[in-house]
Amino acid sequence: MSESAHDSSPEMIEPAVVPPRDGRIVILTGAGISKESGLDTFRDADGIWSKVRIEDVATPEAFARDPEKVHAFYNMRRALNKTRKILPNFAHAALSHLEAAWPGEVLIVTQNVDTLHEQAGSKNLLHMHGVHAKARCNFCENVVDWSGDMSTGDECAGCGRAGGMRPHVVWFGEMPLEMDRISWALSNCDLFISIGTSGNVYPAAGFVAMIRRNGTAHTVELNLEPSAGASMFEESHYGPASQIVPAYVKGLLAGA
Ligand code: BJW
């Protein structure tokens with residue numbers, strides 16, 4: 001079945017398929033869900049990668065070559081987010097409500113390095129690309145909360161060595177986090193919903209194809225516009241996340 005719609009400000013979206021009441025739901029989120037909270041996406045016209053080159057700031061090679069440049073990029077983003085008063089929007093709130101109200105299990109796998117899902121109250125959450133407000137020591141792998149600037153002079157609270165602290169985010173060429181738990185969840189879910197991601201970055205971009213090969217779960221895309229992988233989804237709804245996510249969640253819970 002193929003269902004596709006451009007839903008403008010709907011009150012409720014009736015899902016094409018509602019899983020059984022004890023069904024498992026996996027939700028993949030990307031930068032688009034946080035856009036209306038005031039955070040930039042990566043690949044939209046005004047996105048982060050329109051202002052800096054990935055090769056300069058988001059690879060382990062860039063960090064090895066010029067760590068202060070990479071620190072300056074992340075310090076700038078951390079500082080900017082503090083001044084902007086970034087808060088969860090209706091889409092984050094709707095997913096938190098879904099987790100609380102759905103009789104089965106709901107897991108959010110987010111590519112986002114912000115913490116808006118947890119601020120909205122989501123509990124069952126995996127950050128596959130890390131967290132912006134954390135730092136990791138390259139020497140001992142110790143992970144700590146980090147809210148201010150970071151530099152090559154910072155010492156690790158775990159091993160005491162200086163020069164190894166880096167943002168706890170996943171750069172290109174690095175293995176995303178929690179992949180074992182994510183693979184298990186993808187293989188054992190009844191419904192897979194992808195929200196606010198352009199479908200350009202692997203392995204997340206390949207999740208829908210993996211699920212379609214297994215044929216175990218219904219697949220839904222909720223995005224502002226069709227993503228790179230749009231044709232892989234069995235159902236899709238397009239519009240701002242703050243509108244279509246609450247409307248879809250309302251329909252899902254009404255059908256449960
Ligand atoms: C709205 C909206 C609104 C707007 N409402 N929607 C060749 C082929 C295939 C793969 C590769 C290849 N060469 C290299 C690779 C692998 C590489 C990769 O995928 N490269 C591609 C670019 C080709 N991937 C990796 O290296 C990853 N690691 C890896 O693969 O390890 C090996 C492995 C093998 C097997 C299994 C497992 C692993 C690591 C990727 C790391 C990504 N890191 C970043 C930076 C994080 C830190 C930071 O913030 O600085 O993560 S890059 C950036 O992209 C960030 C995001 O999480 C990620 C995804 O972006 P996202 O979320 O999709 O955002 P956008 O901007 O792209 O899209 C936003 C969407 O929202 C758009 O569609 C808008 O329309 C929509 N939108 N407003 C709803 N209001």
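Position 1 is the first residue of the sequence; numbering continues from there.
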Determine whether I193 and E221 make a side-chain contact, defined as any pair of heavy atoms from C-beta on separated by less than 4.5 Å. no
My understanding is that only residues two or more places apart in sequence, or in another chain, count here; which of them pass side chain to side chain contact (heavy atoms under 4.5 Å, CB included) with S194? L28, F192, T197, F233
Roughly how far, to the nearest 0.5 Å, is the OG atom of S147 from the NZ atom of K134? 12.0 Å
Side chain to side chain contact (heavy atoms under 4.5 Å, CB included) evaluation trace for V26 with V109: CA-CA 7 Å; V26 174; V109 175; 4.1 Å; yes
Ion pair E99/K123, N-O distance below 4.0 Å: no
Which is it for S198 and S227 under the side-chain hydrogen bond (donor to acceptor under 3.5 Å, both in side chains) test, yes or no, and what are the steps along the way? CA-CA 5 Å; S198 63; S227 71; over 6 Å; no
Judged by modelled atom types alone, do T41 and D44 share a side-chain donor-acceptor pair under 3.5 Å? yes
Can you find a heavy atom in the side chain of W184 that is under 4.5 Å from one in the side chain of I182? no
State, with a plain yes or no, whether a side-chain heavy atom of D149 is found less than 4.5 Å away from one of Y74. no
So, E68 and S151: side-chain donor and acceptor under 3.5 Å apart, yes or no? no
CZ of R43 to OG of S50: how many Å apart, nearest 0.5 Å? 11.5 Å
Is the number of heavy atoms from other residues, nucleotides or ligands within 6.0 Å of NZ (K51) greater than 12? yes
With a 4.5 Å cut-off on side-chain heavy-atom distances among I, L, V, M, F, W and Y, is there a chain of contacts connecting L87 to L116? no
Does the pair D190/R24 count as a salt bridge with the N-to-O cut at 4.0 Å? no
Does any N or O in the side chain of R84 come within less than 3.5 Å of the main-chain N or O of G38, such that one atom is a donor and the other an acceptor? yes
Within the distance-only criterion (no hydrogens, no angle test), does the side chain of W102 pair as donor or acceptor with the backbone N or O of L252 below 3.5 angstrom? no
Heavy-atom nearest pair, N112 first then S34, reads ND2-OG, 3.6 Å
Scanning both residues in full, the closest heavy-atom pair of V106 with N124 reads O-ND2, 3.0 Å
Can you get from F207 to M232 by hopping between Ile, Leu, Val, Met, Phe, Trp and Tyr side chains that sit under 4.5 Å apart? yes
In terms of hydrophobic clustering (I, L, V, M, F, W, Y; side-chain heavy atoms under 4.5 Å; direct or indirect links), are F172 and V52 co-clustered? yes
Within 6.0 angstrom of R65 CZ, more than 12 heavy atoms from elsewhere: yes
Determine whether a donor-acceptor pair (N or O, by modelled atom type, separation under 3.5 Å) exists between the side chain of R136 and the backbone of V144. no
hydrophobic_cluster_shared for L222 and M12, side chain cutoff 4.5 Å: no
Sub-4.5 Å side-chain heavy-atom contact between R77 and I48: yes
Run the numbers on E155 and R161 for salt bridge (Lys or Arg N to Asp or Glu O under 4.0 Å), then give the verdict. CA-CA 5 Å; E155 284 178 11; R161 290 175 71 180; over 6 Å; no
When clusters are formed by joining ILVMFWY residues with side-chain heavy atoms under 4.5 Å apart, either directly or through shared neighbours, do V113 and W146 land in the same one? no
Salt bridge or not for K69 and D66, using N-O below 4.0 Å? no
Where do T152 and H71 land on the side chain to side chain contact (heavy atoms under 4.5 Å, CB included) test, with the steps shown first? CA-CA 8 Å; T152 49; H71 279 314; 4.2 Å; yes
What's the separation between atom CZ in F139 and atom CE in M165, rounded to the nearest 0.5 Å? 10.5 Å
Taking every non-hydrogen atom, the tightest pair across M150 and A135: CE-CB, 3.5 Å
How far does NE2 of H218 sit from CD1 of I25, to the nearest 0.5 angstrom? 11.0 Å
Of all the heavy-atom pairs spanning C156 and C137, show the shortest one and how long it is. SG-CB, 3.5 Å
H92 and H117 aromatic ring geometry - parallel, tilted or perpendicular at 30°/60° bounds: perpendicular
Taking all non-hydrogen atoms of both residues, which atom of P203 and which atom of M179 are closest, and how far apart? CG-CE, 3.9 Å
Please verify the inter-ring angle class for W49 with F42; under 30° counts as parallel, over 60° as perpendicular, anything in between as tilted. tilted
With a 4.5 Å heavy-atom cut-off, do P10 and H237 have their side chains touching? no
Side chains of N89 and S242: do they bring a donor and an acceptor to under 3.5 Å? no
Could you tell me whether D46 and K35 have a side-chain N and a carboxylate O separated by less than 4.0 Å? yes
Could you go step by step and tell me if L253 and L98 meet the side chain to side chain contact (heavy atoms under 4.5 Å, CB included) rule? CA-CA 8 Å; L253 289 172; L98 178 65; 3.8 Å; yes
Looking at R166 and D154, is any side-chain nitrogen of the basic one under 4.0 Å from a carboxylate oxygen of the acidic one? no
Would you check if L177 and L126 make a side-chain contact, meaning some heavy-atom pair closer than 4.5 Å? no
Nearest 0.5 Å please: distance from the OG1 atom of T110 over to the CD1 atom of I27. 10.5 Å
Quiz question: by atom type and distance under 3.5 Å, do the side chains of S122 and S96 form a donor-acceptor pair? no
In terms of heavy-atom contacts, P88 and S37 come closest through C-OG, 3.7 Å
In E178, E118, Q111, the residue satisfying side chain to side chain donor-acceptor pair (under 3.5 Å) with H127 is E118
Taking side chain as C-beta onward, heavy atoms only, is V169 less than 4.5 Å from V131? no
Between V245 and I195, is there a side-chain heavy-atom distance shorter than 4.5 Å? yes
Reported OG-to-CG distance for the pair S236 and N223, which is rounded to 0.5 angstrom: 10.0 Å
Assess the residue pair F63 and N138 against the criterion (side chain to side chain contact (heavy atoms under 4.5 Å, CB included)); give the C-alpha distance rounded to whole Å, side-chain angles, the decisive distance to 0.1 Å, and a yes or no. CA-CA 11 Å; F63 188 64; N138 257 341; 3.7 Å; yes
Ignoring hydrogens and geometry, is there a side-chain-to-backbone donor-acceptor pair from E36 to A241 under 3.5 Å? yes
